[in-house]
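Right, one structure below, let's go through it.
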Amino acid sequence: MADTALPTYDDVIAAASRIAGHARHTPVMTSRILDEEFGAQVFFKCENLQRMGAFKFRGAFNALSKFTPAQRQAGVIAFSSGNHAQGIALSARMLGIPATILMPQDAPASKIDATRGYGAEVVIFDRFKDDREKLCRALAEQRGMTLIPPYDHADVLAGQGTAAKELFEEAGPLDAFFVPLGGGGLLSGSALATRALSPACKLYGVEPEAGNDGQQSFRTGSIVHIDTPKTIADGAQTQHLGNITFPIIRRDVDDVLTATDAELVEGMRFMASRMKLLVEPTGCLGLAAARRMKADLRGKRVGVLLSGGNVDLARFCSLLAA
Ligand SMILES: *Cc1c(COP(=O)(O)O)cnc(C)c1O
């Protein structure tokens, strides 16, 4: 795809005005203890406090807001391990659009329940056997519904970019910014905002070490496909970057880093005990990578995106106890 066909920062600005008054303007928080540990100023963008508990509400609401009357009537269909499902389900309910969501049978119970609670029809599939995209496309065709994918969609990624836009507008330009990476909707949208508002900022995507397809793709220059990785970061268990997200990431991101499950658990512990914030494993990817790099961050202004907070309390406790 030619670069000119890719979404731009103007699309992020348009998304920001569409979601205004519907999405929460989440807080930017700091920690004196962490600043001392890093010898730096660290700004956390708290999307764990976003509506339905993750940034995905932004992209979902933006995409659904652009539906024509005919699309609104026929409804939306989506596939997701959880947060995109909830984002679509809640946005659909707010906009009066019927929603069908395909979810893996091993998705956290809280995410399945919340999606049903928002009034969506949930169809369960086996994430290690079924081709969810194929299944979803077949259902979409059968029911005449519009498919909104979790990351590889211009309106979705433009919506996700509004969180970074808010961070830079509130915290000012940064030296480094760490963003969780699954399929790249959040990272590519954040990249558009970063290059517009803080062009010199080093921008890092961070994915689970068990599934570093994004890192391989970024470094080799073509999209690498992997099997569904086994990691506690269920929001980033993606198998490949997208055809729209990858060229933006390749152009605008400085590097893709990884974090281990043990580092994510340490991040969850720090967030809960020191900052009183409940963050899901995937949401701690940025903090984990920043910690690994902290020697290089001394004296700098650092942004960390906390992408979500949806984790069963029982699971949260067992992860911390292990
Ligand atoms: C979806 C998700 C991600 C990854 O976002 P992509 O747009 O797929 O890269 C990161 N963190 C959380 C909490 C998520 O729900």
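Nothing here was measured: the structure is a model prediction, and the numbers come from that model. Order of appearance sets the numbers: ligands from 1, and atoms from 1 within every ligand.
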Fill in: ligand 1 versus Gln160: contacting region, heavy-atom distance under 4.0 Å
neither
Worksheet entry | Proximal ligand 1 atoms for Asn83, defined as those under 4.0 Å from one of its heavy atoms | 13 (C), 14 (C), 15 (O)
Worksheet item: How are the rings of Tyr151 and His240 set relative to one another: parallel (under 30°), tilted (30 to 60°) or perpendicular (over 60°)?
Response: perpendicular
Discussion item. So for ligand 1, is Pro150 a polar contact partner (N or O within less than 3.5 Å, distance only)?
Written reply: no
Worksheet item: Which residue owns the protein heavy atom closest to atom 12 (C) of ligand 1, what's the atom, and how far is it?
Response: Ser307 OG, 3.3 Å
Practice prompt. Tell me which protein heavy atom sits closest to atom 14 (C) of ligand 1, plus the residue, atom name and distance to 0.1 Å.
Written response: Lys56 NZ, 2.9 Å
Fill in: Element-labelled atoms of ligand 1 that are located less than 4.0 Å from some non-hydrogen atom of Gly308
13 (C)
Worksheet item: Taking everything shown except Gln73 itself, do over 12 heavy atoms lie less than 6.0 Å from its CD?
Response: no
Item to complete: Tell me yes or no: between the side chains of Thr162 and Arg58, is some donor less than 3.5 Å from an acceptor?
Response: yes
Discussion item. Cation-pi check for Phe57 against Arg51: NZ or CZ below 6.0 Å from the six-membered ring centre and within 45 degrees of the axis, yes or no?
Written reply: yes
Worksheet item: Is the distance between the ring centroids of Phe168 and Phe177 under 6.0 Å?
Response: yes
Discussion item. Which of the numbered atoms in ligand 1 are under 4.0 angstrom from any heavy atom belonging to Phe55?
Written reply: 1 (C), 2 (C), 3 (C), 5 (O), 10 (C), 11 (N), 12 (C), 14 (C)
Worksheet, complete the sentence: Within 4.0 Å of some non-hydrogen atom of Gly185, the atoms of ligand 1 are 6 (P), 7 (O), 9 (O)
Discussion item. With heavy-atom distances below 4.0 Å as the criterion, list the atoms of ligand 1 near Gly235.
Written reply: 1 (C), 2 (C), 3 (C), 4 (C)
Discussion item. For ligand 1 and Pro180, I'd like to know whether there is a polar contact (N/O to N/O, distance under 3.5 Å).
Written reply: no
Practice prompt. Determine whether the side chains of Thr260 and Glu209 contain a donor N or O and an acceptor N or O closer than 3.5 Å.
Written response: no
Item to complete: Please determine if Gly182 has a nitrogen or oxygen closer than 3.5 Å to a nitrogen or oxygen of ligand 1.
Response: yes
Discussion item. For atom 8 (O) of ligand 1, what is the closest protein heavy atom, and at what distance to 0.1 Å?
Written reply: Gly183 N, 2.9 Å
Worksheet entry | Distance filter under 4.0 Å to Glu280 heavy atoms, resulting ligand 1 atoms | 13 (C)
Discussion item. Counting neighbours of CG on Asp126 that are heavy atoms of other residues, nucleotides or ligands and sit closer than 6.0 Å, is the number greater than 12?
Written reply: yes
Worksheet item: Any idea which part of Glu47 is under 4.0 Å from ligand 1, heavy-atom wise: side chain, backbone, both or neither?
Response: neither
Discussion item. Could you work out, with salt bridge (charged side-chain N to carboxylate O under 4.0 Å, His left out) as the rule, every residue matching Lys165, not counting sequence neighbours?
Written reply: Glu169
Worksheet item: Quick one: is the NZ or CZ of Arg291 closer than 6.0 Å to the six-membered ring centre of Phe270, and within 45° of its axis?
Response: yes
Discussion item. I'd like to know if the side chain of Thr115 pairs up with that of Gln86 as donor and acceptor (distance under 3.5 Å, no hydrogens or angles considered).
Written reply: no
Worksheet item: For ligand 1, which atoms sit closer than 4.0 Å to a heavy atom of Thr282?
Response: 10 (C), 11 (N), 12 (C)
Item to complete: Consider ligand 1: state whether an atom of it lies below 4.0 angstrom from any non-hydrogen atom of Gly184.
Response: yes
